[in-house]
Amino acid sequence: MELELTEAQRGARDTARRFAREKLGPIGVEADRTHRYPAEAIAELSKLGMLGIFIPEEFGGAGLDHVAYALVLEELAVECASTCVIVSAHSSLASWPILGLAAAPQKRHFLPKMASGDWLGCFALTEPQAGSDAAGQKTRAVRDGDSYVLNGTKNFITNAPQAKVAIVFAMTQPEKGHKGISAFAVETSSPGWAVTRVEDKMGIHGAHSAQLSFTDLRVPRDNLILNEGDGFKVAMKTLDGGRIGIAAQAIGIARASLEASLKYAQDRTTFGQPLTSYQAIQWKLADMAVAVDAARLLALRAATLKDRGTACSKESAMAKLFAAETAMKSATEAVQIHGGYGYTKEFKVERYFRDAKITEIYEGTSEIQRLVIAGQVLGNR
Ligand code: CAA
């Protein structure tokens, strides 16, 4: 793995950092307060090419790599974790399976609209009874001539209310268990697609997660990704990349927690001295700084493997696990350093604390990451 970034990677990171510092800060505060989708941020990021970072130029993307992608997501998450996950779910979970696994006509149809940000994407795997146990799909897809007809319910789907395209998983042969699941690229304008509830969440208020209902939703057979029965593998391969995106989001939240704590500890005086003069505070800051850097190195290693086309399940699970736990610990320490002020909405650390928690849950809980890592360490996978 190269520790030195290329000019293109540095350029993408610096552009995202500038945008985040100049524009995203107030949007992040307001989106959290009002639960508003940050449409203007997504529109500006689309113009900057950030909705198609790793999509090749032939499909209208920026033609960069997953290292640049992870660096960009971190910068966005420092100011607005909601904007970050909107971009991450669109890119890793919706654009990538089309780019990496779909047939050429599907790529030509979907990718230019997704790279430009005109069509936002979502990933519809989770169901009321199929969260960690992703193979327990109840949604059915039944072949009818040149189409499949989908019926079922999906839960907690990030970007669902705004999405124009969804990667949907459904059982085509229930008796075959995980080998009976198929994956489809679905246009959300299709009759039978309905957003039935938007969740009222603890954090990432600007990123809307919804329940979906499919009623005789007809999908052309050509929109099948890979073959019938390959859906579980499509989901797992996609999540290998998605977990790098969530790791980057968690690193951004952890970094924001560290930066806010540094500033507060330098400004705040107790017992006649700045907080930074106390070892108890210095050690917290030191531990946060180490963990942020370690998490970034893990994420960039996983991104490098992904760019090489090498298997990265273990490495992306490690990055996601460590980064999510770093985000939660750093946000907790940040609130502690801020004392009573940290528990109020006057300071951003209260938001970081709420936003950090989801990184330990979505795209595979920390327990699932440990299962994936243990499976690889034990040689079972
Ligand atoms: N790549 C390719 N294939 C893979 C794979 C990978 N990373 N991981 C597993 N597979 C294959 C295996 O090789 C195996 O194939 P065969 O049957 O041909 O041998 C098959 O998949 C089954 O594998 P396992 O036996 O390991 O599967 P399992 O059921 O024991 O465990 C799991 C799987 C790791 C627990 C998995 O179910 C999982 O990751 N669960 C979490 C799901 C998840 O992350 N959900 C989040 C949804 S997205 C989201 O959060 C919403 C959002 O909008 C942000």
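Just so it is clear, the values below take in all heavy atoms, side chains as well, and ignore hydrogens, waters and symmetry mates. We count ligands from 1, going down the list as the structure has it; atoms in each ligand are counted the same way. Just so it is clear, the structure is predicted and the values come from calculations on it, not from any experiment.
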Legend entry - Numbered atoms of ligand 1 (with element) below 4.0 Å of Tyr362, judged on heavy atoms: 50 (O)

Inset, instruction - From the options Arg243, Met236, Glu363, select the one whose nearest heavy atom is closest to atom 5 (C) of ligand 1. - result: Met236

Legend entry - Whether Thr126 lies under 4.0 Å from ligand 1, heavy atom: yes

Inset, instruction - Would you mind telling me if ligand 1 is within reach of the side chain of Leu239, the backbone, both or neither, using heavy atoms under 4.0 Å? - result: side chain

Legend entry - NZ/NE/NH1/NH2 to OD/OE distance under 4.0 Å, Glu363 and Lys320: no

Inset, instruction - Identify whether Leu45 and Leu120 are in the same connected component of the hydrophobic contact network (ILVMFWY, side-chain heavy atoms under 4.5 Å). - result: yes

Legend entry - Over 12 foreign heavy atoms within 6.0 Å of CZ, Arg143: yes

Inset, instruction - For the residue pair Phe54 and His66, categorise the inter-ring angle as parallel (less than 30°), tilted (30 to 60°) or perpendicular (more than 60°). - result: parallel

Inset, instruction - May I ask you to decide if Ile368's main-chain N or O and Thr365's side chain share a donor-acceptor pair within less than 3.5 Å? - result: yes

Legend entry - Contact partition for Ser132 relative to ligand 1, non-hydrogen atoms under 4.0 Å: backbone

Inset, instruction - Look at Lys138 together with Glu127 and state whether they make a salt bridge at an N to O cut-off of under 4.0 Å. - result: no

Inset, instruction - State the atoms of ligand 1, each with its element, that fall below the 4.0 Å cut-off from a heavy-atom position in Val372. - result: 34 (C)

Legend entry - Heavy-atom gap Ser209 to ligand 1 smaller than 4.0 Å: no

Legend entry - Sub-4.0 Å atoms of ligand 1 with respect to non-hydrogen atoms of Lys179: 16 (P), 17 (O), 18 (O)

Inset, instruction - Report, in ascending order of atom number, the atoms of ligand 1 lying under 4.0 Å from any heavy atom of His178. - result: 16 (P), 17 (O), 20 (C), 22 (C)

Legend entry - Asn159, portion touching ligand 1 at heavy-atom distance under 4.0 Å: neither

Inset, instruction - Count the heavy atoms of every other residue, nucleotide or ligand shown that sit under 6.0 Å from OH of Tyr341, and state whether that count exceeds 12. - result: no

